[in-house]
Amino acid sequence: MARTLALVDCNNFYVSCERVFRPDLEGVPVGVLSNNDGCFVARSAELKALGVRMGQPLFEVRDLVRHHHVRVFSSNYALYGDMSARVTDCLRGFTPALEIYSIDESFLDLTGIGGDLSGYGAEIRQTVKRWTGIPVCVGIGPTKVLAKLSNHAAKKALLDDRGVCDLRDADAREHVLRAVPVEEVWGIGRRSAEKLSLLGVRTAADLRNLDPRLARQALTVVGERIVYELQGVACLSLDLVPPSRKTIAVTRSFGQPVTDWEPMREAVAAYATRAAEKLRAERLAAEALQVFMHTSPFRPGPTYSNAVTVELRPATDDTFALIAAAAAAARRIWRDGYAFSKAGVILPGLVPLERVQPDLLAAADRQRGTRLMKALDAINSTMGKDTLVPAATMGRAWRMRQEQRSPSYTTRLADVPVVQA
DNA sequence: TCTGGGGTCCTAGGACCC
DNA sequence: TCTGGGGTCCTAGGACCC
């Protein structure tokens, strides 16, 4: 039996999250910034209309922001993560067969649901809006790539402006495929679009009509799969259970350039601390740790970039083991005389905690460490994030800028909105 | 002055082994 | 002059996504 998938995608998700608690932001230009208040990562329709691009640096449009009274927010991931979970809970009411694809998108398996799916899609939209305050669009199709394309059509109102699109219908599909430029197809980026252009492929319809062998030649097996998916032949399956992740990364640009070893050591220790928290939250252990640091690619002056990977033996989830390894690794690649703009800690080899080979000699030590980590996590979970932090991470010189952050309305008791009645 | 962060998958090429 | 063939594993780099 043919599959029927729906892609539910939140509109301007971070902006919509801010608006849920600030109705006065409706109808006015709103933007959310990346870490360090650097670039726009979410824009309301009004801000898009002003010509601000995705990823555009704030400093490039300062005048426009002031002139049009753009409401600008630092990113508030505690809020967005919590709102995301609420949307997902809501969607689970429509089908248990659901893949969470990203913080603002899920694929739903609607195979076997009879009747008018456009009506069903409209019901999904209304329910999510009523229960969470977040507006979404629904794209329906027989494969993931077509469901994505369908959602794109719903957002851009290519067929109508109801926020729901069903591409199972052949005429509707043909119309949309011809109207959409090939670089808007999921999986086709700038590089691939350039290569396809040489083959005369300009629209999604052109790509669907391309010989799959040619697609493989130009874009590897990834491109071949996209061609088949556009034809309605499923190559990408639905991941109902999230696969165990393969890497953990904590990387940040600094609020100001770092020229001394001490703040660099603090920053790397803080990133290692956060990476260890992520490890324990997912019951994983790291077999290796990589540290990198580099100077700014945008600023004049001497440049330097380096990275080093060290083995962790035995694999560990212990904050202090990770701090020690990260600091030692960073010391090896540190050079005086440079203005560093960014550093990071990456854990490239992850194993489930229960599969870690126990090191018999250090068993007692490990148990003590585990109890300490449990206590640390428990205190930070109940008393608030960063209530207890390792002394090695306490400095301030390197911390990122976040000058426009909204309150954590849903995840921090002191920030919960008060209703006057 | 000011330019994000965190992921995945695929391929080519080198090291190593029999 | 002339030096096999086939496998696995690992890593770096490219491309893409949100």
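Given the structure is predicted, the values throughout are model-derived calculations rather than measurements. Note that these values count all heavy atoms, side chains included, but never hydrogens, waters or copies made by symmetry. Numbered from 1 within each chain, the chains take letters A, B, ... in sequence-line order.
Taking atom CD on A/Glu60 and atom P on B/dT1, their separation rounds to 13 Å, with Å as the unit. Atoms CG (A/Leu236) and P (B/dT8) sit 16 Å apart, rounded to a whole Å. Rounded to a whole Å, the CD1 atom of A/Ile346 is 14 Å from the C1' atom of C/dG13. Rounded to whole Å, atom C1' of B/dG5 lies 7 Å from atom CZ of A/Arg252. Distance A/Glu184 CD to C/dC16 P: 13 Å, rounded to the nearest Å. For the pair A/Leu58 CG and B/dG4 P, the computed distance is 12 Å after rounding to whole Å. The CD atom of A/Glu229 sits 16 Å away from the C1' atom of C/dC16 (whole-angstrom rounding). Atom C1' of nucleotide B/dC10 and atom NZ of A/Lys195 are separated by 12 Å, given to the nearest angstrom.
Salt-bridge check for A/Asp82 with A/Arg86: passed, with a basic side-chain N closer than 4.0 Å to an acidic carboxylate O. Ion pairing between A/Arg190 and A/Glu194 holds under the 4.0 Å rule for side-chain N and carboxylate O. A salt bridge links A/Arg178 and A/Glu174; the closest N-O separation between the charged side-chain nitrogens and carboxylate oxygens is under 4.0 Å. Ionic pairing of A/Lys155 and A/Asp9 is present here: one or more N-O contacts between side-chain nitrogen and carboxylate oxygen are shorter than 4.0 angstrom. At a threshold of 4.0 Å, the pair A/Glu46-A/Arg19 counts as salt-bridged, since one of the basic side-chain nitrogens sits closer than that to a carboxylate oxygen. A salt bridge links A/Glu105 with A/Lys148: the distance from a Lys NZ or Arg NE/NH1/NH2 to an Asp or Glu carboxylate oxygen falls below 4.0 Å.
Residue A/Val32 is out of contact with every strand shown, counting any heavy-atom pair closer than 4.0 Å. A/Asn35 comes within 4.0 angstrom of the backbone, heavy atoms only, and of no base. A/Ile248 comes within 4.0 angstrom of the backbone, heavy atoms only, and of no base.
For B/dC10, the paired base is C/dG13 (Watson-Crick or G-U wobble, both distances below 3.5 Å). If you check B/dC18 for Watson-Crick or wobble pairing at under 3.5 angstrom, you find it paired to C/dG5.
A/Leu5 places none of its side-chain heavy atoms less than 4.5 Å from the side chain of A/Pro142.
Two rings, from A/Trp334 and A/Tyr304, have their centers 6.0 Å or more apart.
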Practice item. Please test A/Tyr14 against A/Tyr77 for ring pair (Phe, Tyr, Trp, His ring centres under 6.0 Å), starting from the C-alpha separation and ending with a verdict. Key: CA-CA 9 Å; A/Tyr14 298 169; A/Tyr77 286 103; 5.7 Å; yes

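Side-chain nitrogen and oxygen atoms of A/Lys342 include at least one within less than 4.0 Å of the OP1 or OP2 phosphate oxygen of B/dG5. When the side-chain nitrogen and oxygen atoms of A/Ser341 are compared with OP1 and OP2 of B/dT3, none of them lie within a distance under 4.0 Å. Within the 4.0 Å cut-off from OP1 or OP2 of B/dG7, at least one side-chain nitrogen or oxygen of A/Lys278 is found. In this structure, A/Ser253 reaches the B/dG5 phosphate: one of its side-chain N or O atoms is under 4.0 Å from OP1 or OP2. Phosphate contact (OP1/OP2 of B/dC9, side-chain N/O of A/Arg225, threshold under 4.0 Å): absent. Residue A/Arg62 places none of its side-chain N or O atoms closer than 4.0 Å to OP1 or OP2 of B/dT1. Listed pair A/Thr247 / B/dT8 meets the phosphate criterion, a side-chain N or O lying under 4.0 Å from OP1 or OP2. At C/dC16, none of the side-chain N or O atoms of A/Arg190 fall inside 4.0 Å of OP1 or OP2 (strictly under the cut-off).
Nearest nucleotide to the A/Arg245 side chain, out of C/dC18, B/dG4, B/dG7: B/dG7. Of the candidate nucleotides C/dA15, B/dT8, B/dT3, B/dT8 has the atom nearest to the side chain of A/Lys246. Nearest nucleotide to the A/Trp186 side chain, out of C/dA15, B/dC10, C/dC18: C/dC18. Checking B/dG6, C/dC17, C/dC16 against every side-chain atom of A/Arg191, the shortest atom distance belongs to C/dC16. Relative to the side chain of A/Ser192, the nucleotides B/dG4, C/dC16, B/dG7 differ in distance, and C/dC16 lies closest. In the set B/dT3, B/dC9, B/dG5, the nucleotide with an atom closest to the side chain of A/Phe59 is B/dT3.
Rounding to the nearest 0.5 Å gives a distance of 8.5 Å between OG of A/Ser341 and CZ of A/Phe298.
Taking the C1' atoms as reference points, B/dG4 lies 15 Å from C/dC17, given to the whole Å.
Listed in residue order, the members of residues 72-105 of chain A having a heavy atom less than 4.0 Å from DNA chain C are A/Tyr101, A/Ser102, A/Asp104, A/Glu105. Contact check of residues 200-223 of chain A against DNA chain B (heavy atom, cut-off under 4.0 Å) returns A/Thr220, A/Val221, A/Val222.
Taking A/Arg401 as the reference, nothing meets the side-chain hydrogen bond (donor to acceptor under 3.5 Å, both in side chains) condition, with sequence neighbours excluded.
With DNA chain B read from its 5' end, the first of the two nearest nucleotides for A/Ala249 and A/Met54 is the one closest to A/Met54.
A/Phe107 carries A/Lys144 over the face of its six-membered ring, with the cationic atom under 6.0 Å from the centre and within 45° of the normal.
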